[in-house]
Amino acid sequence: MLGQLRVSSLALEGKNVEVDVRSLVAEQRLQVRLADKLVLHATVKASDLAAVLAKKVDKLKDVEVDINPAGVQIKGSIPLAGRTVEVNIEGAVTAQRWWTVFSYAAGPDPQCGLGTVAYCRPV
């Protein structure tokens, strides 16, 4: 699990990594003291991502997630001004230094100019 997100597979790749061996042996907890480079590879199922989004995003209903080599597409609907409005978010998840970044465009047309970058918690 990464927070509340179920992960199918997880691998940590590093270069010149120094770990706290005492924490690893005594507490079974990995604590990295120093590293020149750390890359976390995670495989997440679309259904697991959809379940987390449905729980965490207030009023988002009928969540569908498609994960493919081109990126991530999230569809759903929200109530707005007494109507049901379709939501379409397309983007890509990448890592930049110590942050996970989701770049996206939202709206019926991904080219609508609402593109932005959302920074998630530090990795």
Side-chain angles (χ1 to χ4, degrees):
M1 298 286 279
L2 284 176
Q4 294 182 3
L5 181 60
R6 181 185 311 273
V7 177
S8 300
S9 68
L10 192 64
L12 182 62
E13 179 183 340
K15 181 177 179 182
N16 297 325
V17 179
E18 181 182 312
V19 298
D20 184 340
V21 177
R22 179 177 280 195
S23 292
L24 187 60
V25 173
E27 303 169 22
Q28 297 183 351
R29 184 173 65 111
L30 179 62
Q31 184 174 357
V32 177
R33 289 183 177 169
L34 297 170
D36 288 344
K37 179 180 180 182
L38 285 176
V39 178
L40 181 67
H41 301 275
T43 302
V44 177
K45 292 181 182 177
S47 58
D48 293 331
L49 181 54
V52 168
L53 289 170
K55 283 184 203 174
K56 291 293 188 177
V57 180
D58 190 34
K59 298 181 183 172
L60 182 62
K61 303 291 181 215
D62 305 318
V63 181
E64 296 177 20
V65 175
D66 180 38
I67 302 173
N68 59 60
V72 179
Q73 183 174 26
I74 303 165
K75 292 182 178 183
S77 61
I78 59 170
L80 181 67
R83 309 280 294 200
T84 299
V85 179
E86 292 181 9
V87 176
N88 182 26
I89 302 172
E90 296 181 7
V93 178
T94 57
Q96 293 184 358
R97 195 151 170 91
W98 301 107
W99 295 90
T100 302
V101 179
F102 179 64
S103 306
Y104 65 92
D109 178 359
Q111 304 300 323
C112 67
L114 297 176
T116 188
V117 176
Y119 291 91
C120 304
R121 67 186 181 107
V123 179

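Note: hydrogens, waters and symmetry copies are ignored here, and every other heavy atom, side chains too, is used.
Sequence neighbours left out, the pairs with a member in residues 10-34 that pass salt bridge (Lys or Arg N to Asp or Glu O under 4.0 Å) are E18-R33, D20-R33, E27-R29.
A distance of 8.5 Å separates OG1 of T84 from CG of D62, quoted to the nearest 0.5 Å. Note that the CD atom of E86 and the CD1 atom of I78 stand 11.0 Å from one another [nearest 0.5 Å].
Defined by atom type and a distance below 3.5 Å, a donor-acceptor pair is missing between the side-chain atoms of T43 and S8.
A chain of hydrophobic side-chain contacts below 4.5 Å, direct or via other Ile, Leu, Val, Met, Phe, Trp or Tyr residues, connects V32 to V21. Hydrophobic clustering of Ile, Leu, Val, Met, Phe, Trp and Tyr side chains at less than 4.5 Å, counting indirect connections, unites V57 with L80.
When every heavy atom of V65 is checked against every heavy atom of L53, the shortest pair comes out as CG2-CD1, 4.0 Å. The shortest heavy-atom contact between K37 and V17 is O-CG2, 4.4 Å.
Remark: N16 pairs with D36 by the side-chain contact (heavy atoms from CB on, under 4.5 Å) rule, at least two apart or across chains. With sequence neighbours excluded, the residues forming a side-chain contact (heavy atoms from CB on, under 4.5 Å) with A54 are V63, listed by chain and number. With sequence neighbours left out, A42 forms a side-chain contact (heavy atoms from CB on, under 4.5 Å) with L2, V7, L10. Here K61 pairs with S77 under the side-chain contact (heavy atoms from CB on, under 4.5 Å) rule; sequence neighbours left out.
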Which atom pairs, donor and acceptor, lie under 3.5 Å between side-chain atoms of residues 69-76 and protein residues at least two apart or in another chain?
residue, atom, partner, partner atom, Å
Q73, NE2, N88, OD1, 3.1
Q73, NE2, E90, OE2, 3.0

